[in-house]
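To start, the structure itself, in structure tokens.
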Amino acid sequence: MSNKDFKIIGLTGQSGAGKSTITEVFESYGVKAVDADTLAHMALKTEKCKENLQKAFGESIFDENGEVVRKALAKLAFTDKESTELLNKCTHPVIAELSKEAFKKAEIEGFKAVVFDAPTLFESGLHSMCSEVVSVIAEKELRAKRIMSRDNLTYDEAMLRLNAQYPDSFYTDKSDYTIENNSTADELREKAHQVCKELFND
């Protein structure tokens with residue numbers, strides 16, 4: 001980035017750990033939020049991604065208009081680590097390009113920083129673009145309850161998704177800051193405020 005004061009702060013962790021709540025706190029400090037999941041949805045509409053996914057997962061993930069059916073893709077891609085890694089290989093190059101465009105746009109618009117909410121920050125290699133990385137972790141049973149409520153999943157579906165993800169150490173060993181979210185939302189927000197004060201000298 002041309003502005004040396006501009007920060008890209010990576011925010012990562014397992015599904016259901018609490019990244020969206022932390023993102024809201026960062027935004028209150030005048031930081032632009034960039035959501036990797038939103039970019040991933042955009043990526044799924046590109047011809048490059050569709051071609052990669054068709055080769056990896058077959059025709060059953062597409063509707064009659066040739067668009068990716070995300071629920072059908074998720075059923076195949078989140079059954080085990082190998083399938084999840086295959087999905088990442090198909091989508092990450094496109095998401096990386098979209099991410100760079102989003103960061104540049106935020107800088108041009110005058111934001112002092114972006115918080116990049118990216119569940120696969122390390123797997124995609126995009127952590128290399130970040131000034132700092134913040135990981136949020138939580139106990140598996142708590143995360144299961146959260147994503148059951150959020151995504152309307154059964155317990156078995158939630159655990160299948162969580163078991164295909166990496167352990168806490170995968171995130172914490174590579175991060176500058178770690179936030180544990182095993183308590184209330186208010187406590188999580190307080191921890192996020194502390195990180196923001198350190199990052200932005202507030």
Side-chain angles (χ1 to χ4, degrees), residues 1-3 6-27 30-79 81 83-131 133-136 146-147 150-153 161 164-166 171:
M1 296 295 166
S2 56
N3 176 5
F6 183 79
K7 286 178 180 283
I8 300 168
I9 298 144
L11 174 62
T12 192
Q14 306 115 321
S15 185
K19 293 184 294 296
S20 58
T21 300
I22 294 172
T23 296
E24 289 170 9
V25 173
F26 270 84
E27 286 181 295
V31 173
K32 172 76 172 179
V34 176
D35 180 47
D37 282 343
T38 300
L39 298 181
H41 295 165
M42 292 167 61
L44 291 180
K45 295 187 175 298
T46 67
E47 289 308 312
K48 181 62 177 171
C49 253
K50 288 178 185 177
E51 185 182 316
N52 292 344
L53 291 167
Q54 190 273 331
K55 287 177 185 171
F57 296 102
E59 295 290 346
S60 66
I61 62 167
F62 296 95
D63 65 17
E64 63 274 12
N65 299 315
E67 298 299 328
V68 177
V69 179
R70 283 170 37 218
K71 196 156 189 175
L73 176 60
K75 248 182 191 174
L76 295 176
F78 296 129
T79 51
K81 281 190 176 69
S83 298
T84 303
E85 285 170 7
L86 187 58
L87 170 67
N88 293 339
K89 282 179 183 173
C90 292
T91 58
H92 283 164
V94 180
I95 295 170
E97 287 306 311
L98 294 172
S99 301
K100 289 171 189 173
E101 290 170 14
F103 300 156
K104 195 67 188 172
K105 186 170 183 282
E107 184 184 0
I108 291 168
E109 289 172 349
F111 286 92
K112 62 184 176 182
V114 298
V115 57
F116 184 41
D117 180 347
T120 58
L121 184 69
F122 298 120
E123 301 95 310
S124 64
L126 285 170
H127 64 287
S128 62
M129 293 185 65
C130 298
S131 321
V133 174
V134 179
S135 284
V136 56
R146 290 168 187 158
I147 69 171
R150 184 190 71 195
D151 298 339
N152 195 27
L153 301 175
R161 186 177 296 185
Q165 297 183 356
Y166 290 97
Y171 302 96

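- Between the side chains of S15 and R146, no donor-acceptor pair of N or O atoms lies under 3.5 Å.
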Please lay out, stage by stage, how V114 and I9 fare under the test side chain to side chain contact (heavy atoms under 4.5 Å, CB included). CA-CA 6 Å; V114 298; I9 298 144; over 6 Å; no
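- More than 12 heavy atoms of other shown residues, nucleotides or ligands fall within 6.0 angstrom of atom CZ in R150.
- With sequence neighbours excluded, the residues forming a ring pair (Phe, Tyr, Trp, His ring centres under 6.0 Å) with F116 are F103, listed by chain and number.
- Not counting sequence neighbours, the partners of T21 by the side chain to side chain contact (heavy atoms under 4.5 Å, CB included) test are L188, R189.
- Under the salt bridge (charged side-chain N to carboxylate O under 4.0 Å, His left out) criterion, K75 pairs with no residue at all, not counting sequence neighbours.
- In this structure Q54 satisfies the side chain to side chain donor-acceptor pair (under 3.5 Å) test together with E59, sequence neighbours excluded.
- Side chains of V133 and Y171 form no contact here, defined as non-hydrogen atoms less than 4.5 Å apart.
- With sequence neighbours excluded, the residues forming a side chain to side chain donor-acceptor pair (under 3.5 Å) with D35 are T38, listed by chain and number.
- With hydrogens and angles ignored, the 3.5 Å screen pairs a side-chain donor or acceptor of S131 with a backbone N or O of I8.
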Please report the C-alpha distance between K100 and M129 in whole Å, then the side-chain angles of each, then the deciding distance to 0.1 Å, and finally whether the side chain to side chain contact (heavy atoms under 4.5 Å, CB included) criterion is met. CA-CA 9 Å; K100 289 171 189 173; M129 293 185 65; 3.7 Å; yes
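- The two residues F6 and E107 have their closest heavy-atom pair at CE1-CA, 3.6 Å.
- Considering T12, V134, T23 as possible partners of D117, the one that fulfils the side chain to side chain contact (heavy atoms under 4.5 Å, CB included) test is T23.
- Ionic pairing of E51 and K55 is present here: one or more N-O contacts between side-chain nitrogen and carboxylate oxygen are shorter than 4.0 angstrom.
- Annotation: side chain to side chain donor-acceptor pair (under 3.5 Å) contacts of S20 (sequence neighbours excluded): none.
- The minimum heavy-atom distance linking F122 with S135 is given by the pair CE1-OG, 4.4 Å.
- With K19 contributing its side chain and A118 its backbone, the two residues share no donor-acceptor pair below 3.5 Å.
- Every residue two or more places apart in sequence or in another chain that forms a salt bridge (charged side-chain N to carboxylate O under 4.0 Å, His left out) with R161 is listed here: D151.
- L44 CG to I61 CD1: the interatomic distance, rounded to the nearest 0.5 Å, is 8.5 Å.
- Not a single side chain to side chain donor-acceptor pair (under 3.5 Å) links E64 to another residue, sequence neighbours left out.
- Among residues two or more places apart in sequence or in another chain, the side chain to side chain contact (heavy atoms under 4.5 Å, CB included) test is passed with A164 by T84.
- The environment of K81 atom NZ is dense: over 12 non-hydrogen atoms of other residues, nucleotides or ligands sit within 6.0 angstrom.
- What you find for V31 and A113 is that their closest heavy atoms are CG1-O, 3.4 Å.
- Scanning all heavy atoms of the two residues, the minimum distance from L98 to L39 falls at CD1-O, 3.5 Å.
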Show me the donor-acceptor pairs, under 3.5 Å and distance only, between side chains in residues 89-97 and residues at least two apart or in other chains.
{"unit_1": "T91", "atom_1": "OG1", "unit_2": "L87", "atom_2": "O", "d": "3.1"}
{"unit_1": "H92", "atom_1": "ND1", "unit_2": "N88", "atom_2": "O", "d": "3.3"}
{"unit_1": "H92", "atom_1": "NE2", "unit_2": "T120", "atom_2": "OG1", "d": "3.1"}

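- Contact of the L11 side chain with the L121 side chain is not registered, since no non-hydrogen atoms from C-beta on lie closer than 4.5 Å.
- For E47, the side chain to side chain contact (heavy atoms under 4.5 Å, CB included) test picks out K50, with sequence neighbours left out.
- By the side chain to side chain contact (heavy atoms under 4.5 Å, CB included) test, D63 pairs with N65, E67, V69, sequence neighbours left out.
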Please test V115 against V34 for side chain to side chain contact (heavy atoms under 4.5 Å, CB included), starting from the C-alpha separation and ending with a verdict. CA-CA 6 Å; V115 57; V34 176; over 6 Å; no
Residues Y166, E123; criterion side chain to side chain contact (heavy atoms under 4.5 Å, CB included); working and verdict: CA-CA 10 Å; Y166 290 97; E123 301 95 310; 3.4 Å; yes
